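Report on the structure given below.
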Amino acid sequence: MKSRLSGTENFKNITGSEALMLSLLNEGVETIFGYPGGAIMPVYDALYDYQEQLNHILVRHEQGATHAAQGFARVTGEVGVCIVTSGPGATNAITGIGDAMMDSTPLVVICGQVGASLLGTDAFQEIDVVDVTAPITKWSYQIRRAEDVTWAVARAFYIAKNGRPGPVVLDFAKNAQVGKIDFQPSECKFIRSYQPVLEPESTKIAEAAALINSAKKPFALVGQGVTLGKAENELRAFLEKADIPAGWTLLGESAMPTDYPLNKGMLGMHGNIATNIKTNECDVLIAIGMRFDDRVTGNLATYARQAKIIHLDIDPSEFNKNVKTDVAILGNVKETLPLLTEMLQPNTHADWLASFAEYEEREYQTVTKKELESTDGHIKMGEVVRKVSEAARNEAILVTDVGQNQMMAARYFKFTKTRSVVTSGGLGTMGFGIPAAIGAKVGAADRTVCLFVGDGGFQMTIQELGTIMQYGIGVKIILLNNSYLGMVRQWQELFWNKRYSSTPMTNPDFCGIARAYGIKAAEVSDRVALNTSIAEMLADDEAFLLVVNVEPEGMVYPMTPAGETITNILME
């Protein structure tokens, strides 16, 4: 972000609330998501005079504000900003703040707070926001004086976006909002107690290069750190020089195009069988900007025991947290990957690469063919995803909710551009989809945004259809309707003797609800109508809800049961 202040303004005797507006402009902010209330009213009053410079999107729930800000941040690479009131406004934002922390999404969340003289008195809509949010933020700070506004905002943006990104909360006391100051913009380029990026150790780079140069079966694991570091080109140069196949985590999906020859698919519980099996066959495993989540590793006692582990990450706390590392390379992968690539010897691994084909063919015959090429019975979730992706020329931004829709979308959507995946990874937040898609479309107005959501997650934040209506946000919503909480039902079928406790759902007329919000809608149950409706949905840039009634008891395969060795894969 570049400052949007000219540097010639002279603001004397202004309120802390107006100083907040100017500080946001100074940080280059153009878009804010939020919901007003009593304790944040002075800020919204100040915003009234800055409507031409600051585009405020009124959501319908504070959780929606945080998820929308996440979607905006993911597709733009900028800091997402939201404003909420005190008490329930702040606590409603907790889920999105925690989600952003788990998924390294840069947010600045500004919460209203009672006046400093009332703190600790259990005043109306008072809650200890700083202590509540401290464990799920990079920094949580209470602004008690108008004089501290510009300093706090500059510091908040620096912390949110530098190093491993994440959320910051500013708890803005009401007296500080109305207090008067002479405004001077602040800039933060250094915090003594916070070193976001350290210089990589040359000896570690050399050690890693030596392991890769001698490897017969190297394998790279690509995480979101590549996208966050804007290191997609550096990744490809690294892989191509040494001819290294690569798999990706859920959040690292669009760091490589789907058809990139060295892209071998998704890792983990519902990942491709070749990537999981080869993880336990490779001799050198190179983890790039990923954190060895349990959904990727399965049983740690049996995970890649045969391999030397090289781990590149910006956050030293990730080293040896889950998987014992042989060589840890600290730093932004945009800087460390070229250093490592420079020390690699050009190489080819034709036999190793060819060995993936057997497992890819097995998966195609056992799983993929049935999911994508079925011609009878109910529509399959996977075929809907693939048809939408291809109809959008594989150039769309994919947003998902959480559940079977998420895994099917990750498996069968195709990508040609980076920053094309917005999903809730670490926290797995149902209800994430609609508001995140809103934020993604606001942040990338020139791109098609396709949201895949289940009937359960859709109803968790269904009120955000009002936001879509008010601002004319052209999100394409594909609701995979199976009248179940599908992923929970799948686990109940596999591991709980088909005891479907509280997972069947009686659903409303989704199209009728969408139309009540002024959103075009269609519902389909057969394949001929599906193709026609997808074309209708993508024909313009207006919002559209496509409800697809899919097989009620569809399953997401392959699947490695939780806690199992990643090669113990269920195929059907």
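Everything numeric here is computed off the predicted structure, so don't read it as measured data. When reading the values below, keep in mind they use all heavy atoms of this one structure, side chains included, and skip hydrogens, waters and symmetry mates.
In this structure, F415 and F413 have tilted ring planes: the angle between them lies in the 30° to 60° band.
Residues satisfying the side-chain hydrogen bond (donor to acceptor under 3.5 Å, both in side chains) test with T565, not counting sequence neighbours, are T302. With sequence neighbours excluded, no residue forms a salt bridge (Lys or Arg N to Asp or Glu O under 4.0 Å) with D526.
Between N405 and G454, the shortest heavy-atom distance links the atoms ND2-N, 3.3 Å.
Counting only distance, with no hydrogens or angles, the side chain of S389 and the backbone of K414 share a donor-acceptor pair below 3.5 Å. Between the T461 side chain and the G431 main chain, a donor and an acceptor come within less than 3.5 Å of each other.
Crowding of Y35 atom OH: a count of heavy atoms from other residues, nucleotides or ligands under 6.0 Å not exceeding 12. With a 6.0 Å radius and a threshold of 12 heavy atoms from other residues, nucleotides or ligands, K321 has its NZ atom above the threshold.
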Verdict with reasoning, L570 to M555, per side-chain contact (heavy atoms from CB on, under 4.5 Å): CA-CA 11 Å; L570 302 177; M555 305 284 277; over 6 Å; no
Test salt bridge (Lys or Arg N to Asp or Glu O under 4.0 Å) applied to R411 and E363, step by step: CA-CA 12 Å; R411 285 182 54 79; E363 182 173 339; 2.7 Å; yes
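For R393 and T448, the side-chain atoms include no donor-acceptor pair closer than 3.5 Å. Counting only N and O atoms by type, the side chains of Q492 and T503 include a donor and acceptor under 3.5 Å apart.
A cation-pi arrangement is absent between K278 and F219, since the terminal nitrogen or guanidinium carbon is not both under 6.0 Å from the aromatic centre and inside a 45° cone about the axis.
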